[in-house]
> 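There's a structure below that I have some questions on.
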Amino acid sequence: MSDKLQLDEPADGVARLTIANPERRGALDHEILDALAGYARTLEARCLVIRGSGEMFSAGYDIGNLEEQEFEESAERLVAHPFQDAIEALEAYRYPVVAEINGHAIGGGLELALTCDIRLAAREAKFGMPPARLGLIYSHTGLAKFIDACGAANTAELFFLGEAVEARVMTLAAAIAANAPLSLEGNKRVIRALRARPLSPQVERELIELRESCFASEDFREGVRAFAEKRKPVWRGR
């Protein structure tokens, strides 16, 4: 979809997106954000990995190219539409999403990482939020992610690694992707609902029905058989 957002499949069931915009320090422009939203809506990998290139994960919004003549309109077009669209598409991804924070994550780049289900960071990675220096009022949805992450540190999957972060991420992503698709999708749906508490009676009923549905699935039977037979299960996704 874009040379600035490169797709590869480094392990079975794993799709990896690399932000390749080194001239702009991994800044998120319209092209990258549109491609990210497109991939998030079409990929079927059981684990999606997002990473940067070089020493940067992402420097956030690409505000360096905002047009002076239409500054207000071009700023709003970047921040309000393509960024929010990409974040919403990523949040809706069916399976777990891992952020490989290989380098610095700034502003919108840091929110992109927080949108992922799991974050693994290199020891040298630094984080920053520059809105106050830019005169920017951040979105309430974006701020909610930071409040949630900082207030729930014990449940956040944030690792600072001494070894190469890529190897650690691929080990984690491959282990996730090897598990039952129905379980990955279902547990992510439950976690998402619990984070949006309080639960309405309707949502609670849906979660109960979701759990009960797994007992009749082929994958649950296969998982139990494989466990008893001490072999690797073969998942069908049904």
> Looking at R119 and E100, is there a salt bridge between them, counting it only when a charged N and a carboxylate O are closer than 4.0 Å?
no

> May I ask you to check whether over 12 heavy atoms, not counting those of E55, lie within 6.0 Å of atom CD?
no

> Rounded to the nearest 0.5 Å, what's the gap from CG on L36 to CD1 on I50? Could you check?
5.0 Å

> Can you name the nearest heavy-atom pair linking S53 to N21, along with the distance?
OG-N, 4.4 Å

> Does the N102 side chain pair with the main chain of G54, one donor and one acceptor, at a distance under 3.5 Å?
yes

> If you round to the nearest 0.5 Å, how far is CG of L112 from CG of L114?
9.0 Å

> Flag the pair K232 and E222 as a salt bridge only when some basic side-chain nitrogen lies within less than 4.0 angstrom of an acidic carboxylate oxygen.
no

> Check D8 with R16, please: is the shortest side-chain N to carboxylate O separation under 4.0 Å?
yes

> Could you give me the CA-CA distance, side-chain angles and deciding distance for R94 and E44, then say whether salt bridge (Lys or Arg N to Asp or Glu O under 4.0 Å) is met?
CA-CA 8 Å; R94 294 169 57 192; E44 292 292 333; 2.9 Å; yes

> To check you understand the geometry: which heavy-atom pair defines the closest contact between A59 and R24, and what is its length?
CB-O, 4.4 Å

> Could you pull out the closest heavy-atom pair between G237 and L182, with the gap in Å?
O-CD2, 3.8 Å

> Heavy-atom count check: over 12 atoms from other residues, nucleotides or ligands less than 6.0 Å from E88 CD?
yes

> Between R41 and D85, does at least one N-O distance fall below 4.0 Å, as a salt bridge requires?
yes

> Would you give the length of the straight line joining atom CZ of R238 to atom CD of E218, rounded to the nearest 0.5 angstrom?
4.5 Å

> If I take atom CD from residue E31 and atom CG from residue D3, how far apart are they, to the nearest 0.5 angstrom?
7.0 Å

> Check whether any side-chain heavy atom of R205 lies under 4.5 Å from a side-chain heavy atom of L207, and answer yes or no.
no

> Taking side chain as C-beta onward, heavy atoms only, is Y95 less than 4.5 Å from I176?
no

> Using modelled atom types and a 3.5 Å cut-off, is there a donor and acceptor pairing between side-chain atoms of H104 and backbone atoms of K126?
yes

> Please report the closest heavy-atom contact between F57 and A105, naming both atoms and the distance.
CD2-CB, 3.9 Å

> Taking the side chain as everything from C-beta on, heavy atoms only, tell me whether R189 gets closer than 4.5 Å to E206.
yes

> Got L210 and V190 here, is their nearest side-chain heavy-atom distance under 4.5 Å?
yes

> Could you check whether K4 pairs with D29 (Lys NZ or Arg NE/NH1/NH2 to Asp/Glu carboxylate O, under 4.0 Å)?
yes

> Looking only at heavy atoms, what is the nearest atom pair of G103 and A125, with distance?
O-CB, 3.5 Å

> Check V98 against C47 and note the closest heavy-atom contact, atom names and distance.
CG2-SG, 3.8 Å

> Are D34 and S2 close enough that some pair of their side-chain heavy atoms sits under 4.5 Å apart?
no

> Would you say E212 and I208 make side-chain contact, with heavy atoms under 4.5 Å?
yes

> Output the distance between atom CG (L7) and atom CG (L17), rounded to the nearest 0.5 Å.
5.5 Å

> To the nearest 0.5 Å, how far apart are CG in L28 and OH in Y61?
9.0 Å

> Indicate yes or no: at least one non-hydrogen side-chain atom of Y93 is less than 4.5 angstrom from one of D117.
no

> Please check if the side chain of W235 supplies one atom and the backbone of A178 the other of a donor-acceptor pair under 3.5 Å.
yes

> Under a 4.5 Å cut-off applied to non-hydrogen side-chain atoms, are L5 and I19 in contact?
yes

> Would you please test K188 and L184 for side-chain contact (heavy atoms from CB on, under 4.5 Å) and show each step?
CA-CA 6 Å; K188 178 167 178 175; L184 294 174; over 6 Å; no

> For the side chain of D219 and the backbone of A180, is there at least one donor-acceptor N/O pair under 3.5 Å apart?
no

> Check whether any side-chain N or O of R192 sits under 3.5 Å from a backbone N or O of E91 as a donor-acceptor pair, and report yes or no.
yes

> Could you give me the CA-CA distance, side-chain angles and deciding distance for F127 and I101, then say whether side-chain contact (heavy atoms from CB on, under 4.5 Å) is met?
CA-CA 10 Å; F127 309 110; I101 310 175; 3.8 Å; yes

